[in-house]
Amino acid sequence: MTIRLSSGLVQVGISTTPANNLVIDSSLGNGTAKIYMGNAGVPVTNVATIAATGQVTFTQPVINGASSYVWVNTANGYGSTNTQVRRFTTLGGSNGTDITYADSATLGATFTINSNGVYGISYTDNFNGSGATLEISLNSVAAIGTLAGMLAASSCVAANYTTTAGCTVYLTAGSVIRAMGTAPVGTGTGFVQFFITKVN
Amino acid sequence: MGYIREAQVQVGASATAANNLTLDTSANNGTGTIYFGNAGTSVQNVMSFSGGKAALSQPYIAPGNTSMVWVQLANPMGTTNTTVARFQTVVTNQGTDITYTDSATLGATFTINTSGTYGMSFTFIIAGGGQIGIYAGSQILTARGYTTAGTALHCNTTQYLTAGTVVTAQSGVSPGTPTGYHQFNIARIS
């Protein structure tokens, strides 16, 4: 059976305190709808409105579910084949299925994107050479300084001084992100961190 | 029929509980939940409410939010706006929320067409000691400086920008060498 309500109102809850009831309201009959706490037709607190285009606008900031992320840290040299691709010792944390982290002694660390979206990336490293440079790379293992796949880069001001770079970019499924560097780790290996988080 | 007024409304009568959607305010304390499952027995939570605040159980997916511009390789700066960087290569220019324009006089501009949150990243090698920065109009958003030529300076930021805002990547010093480090990208987050 299909229930079609001519009033355009569904009130979930019959509390005598209206703020305890949830209402779905399409009573305007113009393709829009509202969700609010209150009694049918009498909002107490608006939750969301739905435009005729289908766009949902929440009244307050939405508390989002946990995002996909990978956090690795502590330098572990570079790949033996991809000699500028950083490897990491420790998986500090991860969540979700949108990013696949893999570590290879030959290829270095890779972060493969499994679903289209906007990703925030942050890479911090510490090198033993003055002017050494790190790079966040997209789909490339070309040497740093060639521009191939370079999303962001930064040089350290002196040996053993930490440097960092970050970016927020739209990535398609299948993209491979790498952390790259031009010099061996310095005395601050504990500063070496890489984060990638799906933000939308 | 006028209204449905019940503390639990189950949409669907499938024998597989996960196929039914339930709206539930039975806690009677100003909270509510929407979940897959039979009334009173959640299989998978979708969303919960507390007052007017909604909390999603899974990350919100913003369909169609793909706007991004990514440019590389510095050109000489604008001739009128002498601190505004220019770039030779467009790696990515997609979506409608950002308009990229290159002008020999004004430099490269990234005009925001839709209010929202944007991430920006700027890497630049300068010909001498100085500063680089990312600007929204005349307002500096972030910057970094260094004394030595030939090293890659970097700064990045995430900001809410309103439609009409013009973002520029700026440097107080001309682009230097090596040239393989000049890059700017901007992407809409939400």
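Computed from a predicted structure; not experimentally measured. Proteins get letters first, then strands, A, B, ... in listed order; numbering begins at 1 in each.
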message: Determine whether B:R144 and A:S154 satisfy the following criterion, side-chain contact (heavy atoms from CB on, under 4.5 Å), listing intermediate values before the conclusion.
response: CA-CA 11 Å; B:R144 189 180 175 205; A:S154 182; 2.9 Å; yes
message: Less than 4.5 Å to any heavy atom of chain A: does that hold for the side chain of B:S26, its backbone, both, or neither?
response: neither
message: Tell me which of these, A:V47, A:L171, A:V12, has more heavy-atom pairs under 4.5 Å with chain B than the rest.
response: A:V12
task: Give the C-alpha distance, both sets of side-chain angles, the deciding distance and a yes or no for side-chain contact (heavy atoms from CB on, under 4.5 Å) between A:L147 and B:T89.
output: CA-CA 10 Å; A:L147 286 175; B:T89 305; 5.9 Å; no
- request: Using atom types as modelled and distance alone, determine if a side-chain donor or acceptor of B:E6 lies under 3.5 Å from a backbone N or O of A:G13.
  value: no
- prompt: Hey, what do you get for OH (A:Y119) to CD1 (B:I189), rounding to the nearest 0.5 Å?
  reply: 13.5 Å
- request: Answer yes or no: is there a donor N or O on one side and an acceptor on the other, between the side chain of B:H154 and the main chain of A:T164, under 3.5 Å?
  value: no
query: Between B:I125 and chain A, which part of the residue has a heavy atom less than 4.5 Å away: side chain, backbone, both or neither?
result: neither
task: Evaluate side-chain contact (heavy atoms from CB on, under 4.5 Å) for A:V157 paired with B:T151, printing each intermediate quantity in order.
output: CA-CA 8 Å; A:V157 299; B:T151 55; over 6 Å; no
task: Using atom types as modelled and distance alone, determine if a side-chain donor or acceptor of A:S155 lies under 3.5 Å from a backbone N or O of B:A152.
output: yes
query: Side-chain contact, heavy-atom cut-off 4.5 Å: A:S15 with B:N28?
result: yes
From CD1 (B:I34) to CD1 (A:I35), nearest 0.5 Å: 5.5 Å
field: Heavy-atom side-chain contact between A:T168 and B:T158 under 4.5 Å
entry: yes
- prompt: Counting heavy-atom pairs under 4.5 Å to chain B, which of A:M37, A:E135, A:M150 comes out on top?
  reply: A:M150
statement: Whatever's closer than 4.5 Å to a heavy atom in chain B on A:L134 counts as neither
Worked verdict on A:L138 versus B:W70 for side-chain contact (heavy atoms from CB on, under 4.5 Å): CA-CA 12 Å; A:L138 169 62; B:W70 178 18; 3.7 Å; yes
- request: Measure the shortest side-chain to side-chain distance between A:N20 and B:T25 over non-hydrogen atoms and say whether it is less than 4.5 angstrom.
  value: no
query: Hey, does A:I144 have a side-chain heavy atom less than 4.5 Å from the side chain of B:Y181?
result: yes
- prompt: If you draw a 6.0 Å radius around CZ in B:F49, do more than 12 non-hydrogen atoms from other residues or ligands fall strictly inside?
  reply: yes
message: Do A:V169 and B:M68 have side chains that approach each other closer than 4.5 Å (heavy atoms only, starting at C-beta)?
response: yes
message: Quick check: closest heavy atoms across A:G166 and B:S121, and the distance to 0.1 Å?
response: O-OG, 2.8 Å
query: OH of B:Y146: more than 12 outside heavy atoms within 6.0 angstrom?
result: yes
query: Are A:Y170 and B:I186 connected in a single hydrophobic cluster, I mean Ile/Leu/Val/Met/Phe/Trp/Tyr linked by side-chain heavy atoms less than 4.5 Å apart?
result: no
message: Does any backbone or side-chain atom of B:M120 lie under 4.5 Å from a heavy atom of chain A? Answer side chain, backbone, both or neither.
response: neither
- prompt: For A:A165, is it the side chain, the backbone, both, or neither that has a heavy atom closer than 4.5 Å to a heavy atom of chain B?
  reply: both
Under 3.5 Å: donor-acceptor pair, side chain of B:T123, backbone of A:A153: yes
- prompt: Do A:F111 and A:Y123 sit in the same hydrophobic cluster, where Ile, Leu, Val, Met, Phe, Trp and Tyr count as joined when their side-chain heavy atoms come under 4.5 Å apart?
  reply: yes
- prompt: If you count heavy-atom pairs under 4.5 Å with chain A, which of B:R188, B:Q183, B:M47 comes out on top?
  reply: B:Q183
Validation row: B:L23, A:I24 side chains within 4.5 angstrom (heavy atoms): yes
Side-chain (B:N156) to main-chain (A:C167) donor-acceptor, under 3.5 angstrom: no
